[in-house]
Q: 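Shown below is the structure under consideration.
Per chain, numbering begins at 1; letters A, B, ... match sequence-line order.
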Number of protein chains: 2
Amino acid sequence: MPVTIRDVAKRLHLSITTVSRALDGYDDVASETQKEVIRTAHEMGYIPNRAARQLRRRKAETIGFIMPASAKRIAEPFFMEFIAGLGDELTMRGYDFLVANATTHVDERELYQRWVGGNKVDGLIVTRLNVQDWRVQYLIEQNVPFATLERSNGRAIYPCVQVDGEHAYFELLRHLVDNGYHHIAFIGGPVELVNHQNRLGWIRKAAGELDLLIDPAFIISADLTSMGGYQAAKELLDITPRPDAILCIDDETAFGALHAAHEKGLSIGSEIGIVGFDGTLESQHTEPPLTTLDIPLYNMACRLVRMLLKTLAGHTQEADVDKIIPELHIRGSTHRS
Amino acid sequence: MPVTIRDVAKRLHLSITTVSRALDGYDDVASETQKEVIRTAHEMGYIPNRAARQLRRRKAETIGFIMPASAKRIAEPFFMEFIAGLGDELTMRGYDFLVANATTHVDERELYQRWVGGNKVDGLIVTRLNVQDWRVQYLIEQNVPFATLERSNGRAIYPCVQVDGEHAYFELLRHLVDNGYHHIAFIGGPVELVNHQNRLGWIRKAAGELDLLIDPAFIISADLTSMGGYQAAKELLDITPRPDAILCIDDETAFGALHAAHEKGLSIGSEIGIVGFDGTLESQHTEPPLTTLDIPLYNMACRLVRMLLKTLAGHTQEADVDKIIPELHIRGSTHRS
DNA sequence: TGGTTTATCCAAAACGTTTTGGAGATTATA
DNA sequence: TATAATCTCCAAAACGTTTTGGATAAACCA
């Protein structure tokens with residue numbers, strides 16, 4: 001029942017070819033005709049059938065994002081801001097945005113296959129990379145364009161946005177030392193995570209430069225959820241002597257750590273310092289507000305989209321790589337006032 | 001380059017018709033043949049081209065969700081849990097999930113048109129309904145299936161999940177009275193919002209039954225963000241005499257209110273009580289943990305999907321309506337310990 | 001004038017499925 | 001044995017676009 005290109009052609013006594021070309025702005029149609037076509041098409045409420053267009057053009061005009069199965073829930077602030085950025089940028093550019101979340105690894109693989117094999121998407125955004133990552137391997141094999149947040153090991157080139165936190169962590173540790181914190185702990189994620197390796201590496205480097213010793217028992221893994229952070233922090237705080245500053249791999253984990261510290265009756269900001277990573281919006285409203293390394297998640301997502309679309313358009317000489325420098329936001333959670 | 005149905009047919013010396021029908025499980029193909037087809041197709045890595053299928057079947061096997069332009073950001077915990085539910089249930093059922101966020105109202109309308117007119121989606125999920133809502137009107141006009149969270153005014157029938165908070169709010173107010181709170185304020189959202197009207201209505205009803213007077217100056221509107229809640233709460237707390245309990249339209253708003261109360265140096269849970277709505281996961285980790293009316297957002301989203309899919313399948317006698325009773329979670333933010 | 005460009009337009013062939021309306025065997029029925 | 005019913009299969013026609021490879025007429029050039 002929707003109006004097709006044929007209807008428009010019939011109404012104007014033109015061929016569908018001409019209508020199609022007029023709407024696509026080819027220069028082999030008289031500008032007089034073109035105006036007429038555009039006007040009539042709009043008037044009749046013509047909207048091209050996406051499936052037909054996709055089939056013929058062999059393009060989906062759609063970008064996909066699959067929540068990694070390793071993520072416990074899509075509802076984390078991190079993913080939200082990230083997804084918001086992807087969605088906004090994509091819809092602004094006339095692309096559609098397909099989302100799924102994988103619950104198991106088998107599932108995840110199947111989703112990738114379904115989308116790639118079925119031509120559902122022209123490209124994908126991949127995040128939460130592992131040091132060795134089967135997803136990038138698969139996508140390269142299949143020759144499907146993609147862009148990533150952080151990058152895995154290997155010599156393959158692909159567009160990505162990378163965080164360089166070396167300097168920021170140095171600043172952070174200096175701030176901590178200046179405020180009397182000397183016994184630093186780290187609640188990370190799964191060790192195969194690129195983020196885990198990088199952030200821990202930067203912390204170690206900065207600690208070395210500031211002559212701080214990090215007790216190996218103070219480095220533990222959680223699962224990037226607030227519950228995981230809560231439990232990990234409880235463990236850490238039970239050790240004697242206990243750490244006096246807890247650096248978390250992300251804000252979400254830090255929320256749980258805050259909770260655990262409150263529960264222990266510790267005065268956060270003086271007896272114990274807690275630090276996040278990401279600079280999510282909720283980090284401003286915790287009690288006390290959370291010191292964190294802020295990265296522009298929303299903008300990073302937008303950039304990834306632009307990179308990916310550029311690759312799709314073929315305007316790609318070498319793969320883009322964007323470097324992001326986190327910004328240290330000092331708030332009440334590490335500040336003895 | 002991907003393997004098509006034609007390739008499978010050729011390999012087996014069968015017609016593409018037979019292959020297609022075998023894969024779809026029609027009974028006019030010998031079960032012997034069918035087995036063979038399925039095996040070979042799988043072996044060759046055949047994945048049906050979605051665009052072609054959609055074009056022919058005139059179905060997209062896709063459900064859409066458009067973030068209302070009225071929402072400031074997709075990253076709110078509410079939407080996250082909700083979207084997570086939609087995504088999980090849809091991918092589980094083999095449907096694709098298309099997401100967009102509208103930034104302006106024009107934009108929003110255009111998105112609906114693009115998806116509906118272009119046959120991109122078979123149905124839509126609509127949320128954050130207004131008392132009068134052009135979206136439900138449009139979708140009914142266009143005869144496109146949809147399901148909603150809450151329902152707008154009007155006699156139209158369509159599947160929806162509705163919250164019935166009457167009893168829960170009565171319980172809440174009784175709890176507040178029992179704990180010595182008598183001067184109740186409400187931070188709502190835009191007044192045209194169904195949620196605003198309903199929740200305020202329930203509060204008024206319960207207050208009436210408990211002989212509580214609600215000062216009209218204590219009822220104000222915010223924009224459903226934590227920043228909005230923060231500002232609104234600051235205003236409320238500057239009134240003398242000030243309210244001793246602030247009920248917020250949702251958790252997000254309550255996060256901001258908590259922050260404002262901390263800033264004023266008030267002891268939350270004794271001098272001032274603060275209450276949210278939704279029962280988002282973050283509400284457990286605030287300081288103090290937030291008293292809230294918990295609704296199973298994730299499950300509600302799943303139910304909506306099931307309802308919508310049932311409608312699509314045509315197994316619909318009358319429109320489904322699900323009632324949800326919120327559960328009162330009493331936590332530190334209203335509890336003088 | 002005759003030939004070559006140039007400016008417009010179009011018929012028909014894709015794209016990869018599903019569906020329609022049989023055809024040809026084989027089996028059951030009279 | 002002839003006819004009807006049942007099993008399998010298939011050729012061809014959709015679905016609504018875009019793209020290819022001209023066709024026609026007007027304008028230009030020598």
Q: Counting C-beta onward and ignoring hydrogens, is there a side-chain heavy-atom pair between B/T62 and A/K120 closer than 4.5 Å?
A: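 They are in contact (side-chain heavy atoms under 4.5 Å apart), so the answer is yes.
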Q: If you pin B/D28 and B/S20 to their nearest nucleotides in DNA chain C, which one's is more 5'?
A: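 Going by which nucleotide is closer to the 5' end, it is B/S20.
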Q: Go through the side-chain N and O atoms of B/S20 and B/T17 and say whether any donor and acceptor fall under 3.5 Å apart.
A: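 Short answer, no.
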Q: Let's see if you can work this out: which of D/dT18, D/dC9, D/dG16 has an atom nearest to the side-chain heavy atoms of A/A52?
A: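 Given the options D/dT18, D/dC9, D/dG16, the side chain of A/A52 is closest to D/dG16.
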Q: Is any side-chain N or O of B/S15 closer than 4.0 Å to OP1 or OP2 of D/dC10?
A: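 For D/dC10, OP1/OP2 do have a side-chain N/O of B/S15 under 4.0 Å.
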Q: Going by distance alone, is a donor N or O of one side chain under 3.5 Å from an acceptor N or O of the other, for A/Y298 and A/D88?
A: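 Note: A/Y298 and A/D88 side chains meet the donor-acceptor criterion.
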Q: Name the nucleic acid region contacted by B/R21, choosing base, sugar-phosphate or nothing; use a 4.0 angstrom heavy-atom cut-off, strictly under.
A: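 If one applies the 4.0 Å heavy-atom cut-off, B/R21 turns out to touch a base.
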Q: Looking at C/dC15, does its base get a donor-acceptor pair with the side chain of B/N49 below 3.5 Å?
A: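 Such a pair does not exist between side chain and base.
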Q: Can you tell me the distance, in whole Å, between the CG atom of A/L14 and the C1' atom of C/dA7?
A: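 In whole Å, C/dA7 C1' and A/L14 CG are 15 Å from each other.
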Q: Tell me which nucleotide among D/dT17, D/dA11, D/dT8 gets nearest to the side chain of B/T33.
A: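 Per side-chain heavy atoms of B/T33, the pick is D/dT8.
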Q: Please work out if B/T17 contacts a base, only the sugar-phosphate, or nothing of the nucleic acid, heavy-atom cut-off 4.0 Å.
A: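 Base contact.
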Q: On DNA chain C, check which nucleotide each of A/D27 and B/Y26 is closest to and give me the residue with the more 5' one.
A: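 The residue closer to the strand's 5' end, by nearest nucleotide, is A/D27.
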Q: Look at the aromatic rings of B/Y112 and B/W134 and report parallel, tilted or perpendicular, splitting at 30° and 60°.
A: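 Correct class here is perpendicular.
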Q: Look at the side chain of A/R6 and decide which nucleotide, out of D/dT17, C/dT17, C/dC9, has an atom nearest to it.
A: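 When the side chain of A/R6 is considered, D/dT17 is the closest of D/dT17, C/dT17, C/dC9.
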Q: Kindly give the heavy-atom pair with the smallest separation between B/M300 and B/V163, and that separation in Å.
A: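 Smallest heavy-atom distance, with atoms named: CE-CG2, 3.9 Å.
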Q: Please list residues of residues 54-63 of chain B whose heavy atoms come under 4.0 Å from any atom in DNA chain C, ordered by number; otherwise none.
A: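 DNA chain C contact set from residues 54-63 of chain B: B/R56, B/R57.
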Q: Rounded to whole Å, please give me the gap between CG in B/D7 and C1' in C/dC15.
A: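 From B/D7 CG to C/dC15 C1': 14 Å.
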Q: Within 45 degrees of the ring normal and closer than 6.0 Å to the centroid, is that where the cationic atom of B/R151 sits relative to B/Y158?
A: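 Cation-pi check for B/R151 and B/Y158: passes.
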Q: Starting the side chain at C-beta, find the nucleotide from C/dT18, D/dC9, C/dC9 nearest to B/A30.
A: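 Taking heavy atoms from C-beta onward, the closest nucleotide is D/dC9.
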Q: Just do the salt bridge (charged side-chain N to carboxylate O under 4.0 Å, His left out) check on A/E110 and A/R114 with the steps written out, would you?
A: CA-CA 6 Å; A/E110 231 175 69; A/R114 175 142 69 102; over 6 Å; no
